[in-house]
Amino acid sequence: MTLVRFTVRTVAALLVLVVVVLGATATRVWLVARQDNRRVSDTIVVLGAAQYNGRPSAVLVARLDHARLLFKEHVAPRIITVGGKQAGDTFTEASASKTWLVAHGVPAARVVAVAAGRDTLSSVVAVESEMARRHWTSSVLVTDPWHALRARAMANDHDMNAVVSPTRQGPAVRQRSTELRYIARETLAYLYYKVFHRSADSGTTAV
């Protein structure tokens, strides 16, 4: 076999491998997005997204409303909100989220705001620390469907004993084109995390 032929075959094999890995990961993102594995747990964790001067974005409201319903269904006796703030912000994602939940019927004493985290991974680390401090050992994560696989992987890598109950409303699930874009993004972000153990998010916990 000539060197050129060997090189061509090697490159072709690598390309096939890349396509297979991408396809398999995208399928996992899609499958996990369709599941709701809520179970009775110590806490419900709402992963942060953008807020504007204390007003949660539409993406964040969709997550908060789903968490509120899980709380009403006695999935957990408390909700953790998480997320820091961007430069120049007055409010954190966590505090804006808590304010929304309290305004919509969740007792303030049942909401723990963890005002830390600028991306998914740092938010997970902050929540895990709070859970450990309070001796809570199980969680139900609330986020967008396409974010569920990556969020669950990060949470369980940090001993949160997590399952995911994705929201079924909001901008992330309204249009097919949006869904496909998020699946593509989360496929790459999940693989990036598995290889480098870092978050592919930047500047905000919104996904």
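Nothing here was measured: the structure is a model prediction, and the numbers come from that model.
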Below 4.5 Å, heavy atoms only, C-beta onward: do [X] and [Y] meet side chain to side chain?
{"X": "V75", "Y": "V40", "answer": "no"}
{"X": "L188", "Y": "L22", "answer": "yes"}
{"X": "L14", "Y": "T10", "answer": "yes"}
{"X": "Y52", "Y": "R55", "answer": "yes"}
{"X": "P145", "Y": "V173", "answer": "yes"}
{"X": "L141", "Y": "V163", "answer": "no"}

Fill in: Passing option when E128 is tested against H158, M154, R133 for side chain to side chain contact (heavy atoms under 4.5 Å, CB included)
H158

Response to the item:
The residue among R150, R28, R181 that forms side chain to side chain contact (heavy atoms under 4.5 Å, CB included) with E186 is R150

Got a donor-acceptor contact below 3.5 angstrom from the [X] side chain to the [Y] backbone?
{"X": "W146", "Y": "V29", "answer": "no"}
{"X": "R63", "Y": "G48", "answer": "yes"}
{"X": "S138", "Y": "S41", "answer": "no"}
{"X": "S129", "Y": "A126", "answer": "no"}
{"X": "D65", "Y": "A62", "answer": "no"}
{"X": "D144", "Y": "H147", "answer": "no"}
{"X": "H66", "Y": "V142", "answer": "no"}
{"X": "D36", "Y": "R38", "answer": "yes"}
{"X": "S139", "Y": "M160", "answer": "yes"}
{"X": "K98", "Y": "V111", "answer": "yes"}

[X] and [Y]: which non-hydrogen atoms are nearest, and at how many Å?
{"X": "F71", "Y": "P107", "answer": "CE2-CD, 3.9 Å"}
{"X": "A96", "Y": "G54", "answer": "CB-O, 3.6 Å"}
{"X": "L60", "Y": "S97", "answer": "CD2-OG, 3.4 Å"}
{"X": "V82", "Y": "L47", "answer": "CG1-CA, 3.9 Å"}
{"X": "R39", "Y": "V140", "answer": "O-CG2, 3.4 Å"}
{"X": "A155", "Y": "V124", "answer": "CA-CG1, 3.7 Å"}

Item to complete: Begin with the C-alpha distance, continue with both residues' side-chain angles, and end with the deciding distance and a verdict on side-chain contact (heavy atoms from CB on, under 4.5 Å) for K194 and L191.
Response: CA-CA 5 Å; K194 297 302 287 186; L191 290 171; 5.5 Å; no

Going from [atom1] on [X] to [atom2] on [Y], what distance comes out if it is rounded to the nearest 0.5 angstrom?
{"X": "L70", "Y": "T167", "atom1": "CG", "atom2": "OG1", "value": "9.5 Å"}
{"X": "W30", "Y": "T25", "atom1": "CH2", "atom2": "OG1", "value": "15.5 Å"}
{"X": "L101", "Y": "R110", "atom1": "CG", "atom2": "CZ", "value": "14.0 Å"}
{"X": "R68", "Y": "I44", "atom1": "CZ", "atom2": "CD1", "value": "11.5 Å"}
{"X": "T43", "Y": "W136", "atom1": "OG1", "atom2": "CH2", "value": "5.5 Å"}
{"X": "L121", "Y": "S199", "atom1": "CG", "atom2": "OG", "value": "6.0 Å"}

Treat each ILVMFWY residue as a node, draw an edge where side-chain heavy atoms are under 4.5 Å apart, and state whether [X] and [Y] are in one component.
{"X": "V19", "Y": "L17", "answer": "no"}
{"X": "I80", "Y": "L64", "answer": "no"}
{"X": "V46", "Y": "V59", "answer": "no"}
{"X": "I183", "Y": "Y192", "answer": "no"}

Practice prompt. Might you work through the side-chain contact (heavy atoms from CB on, under 4.5 Å) test for T81 and V112, ending with a clear yes or no?
Written response: CA-CA 6 Å; T81 61; V112 177; over 6 Å; no

Practice prompt. Just jot down the ring-ring contact (aromatic ring centres under 6.0 Å, His included) partners of Y193, sequence neighbours excluded, or say none.
Written response: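 Checked Y193 against ring-ring contact (aromatic ring centres under 6.0 Å, His included); matches are H197.
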
Worksheet item: Restricting to pairs with a member in residues 90-132, which pass ring-ring contact (aromatic ring centres under 6.0 Å, His included), not counting sequence neighbours?
Response: W100-H104

Discussion item. side-chain hydrogen bond (donor to acceptor under 3.5 Å, both in side chains) for T92 and S95? Distances and angles first, verdict last.
Written reply: CA-CA 5 Å; T92 65; S95 65; 3.0 Å; yes

Item to complete: Under the side-chain contact (heavy atoms from CB on, under 4.5 Å) rule, what do I79 and V106 come out as? Steps first, then yes or no, please.
Response: CA-CA 9 Å; I79 300 173; V106 180; 4.3 Å; yes

Worksheet item: Where do T137 and D42 land on the side-chain hydrogen bond (donor to acceptor under 3.5 Å, both in side chains) test, with the steps shown first?
Response: CA-CA 7 Å; T137 60; D42 289 331; 3.2 Å; yes

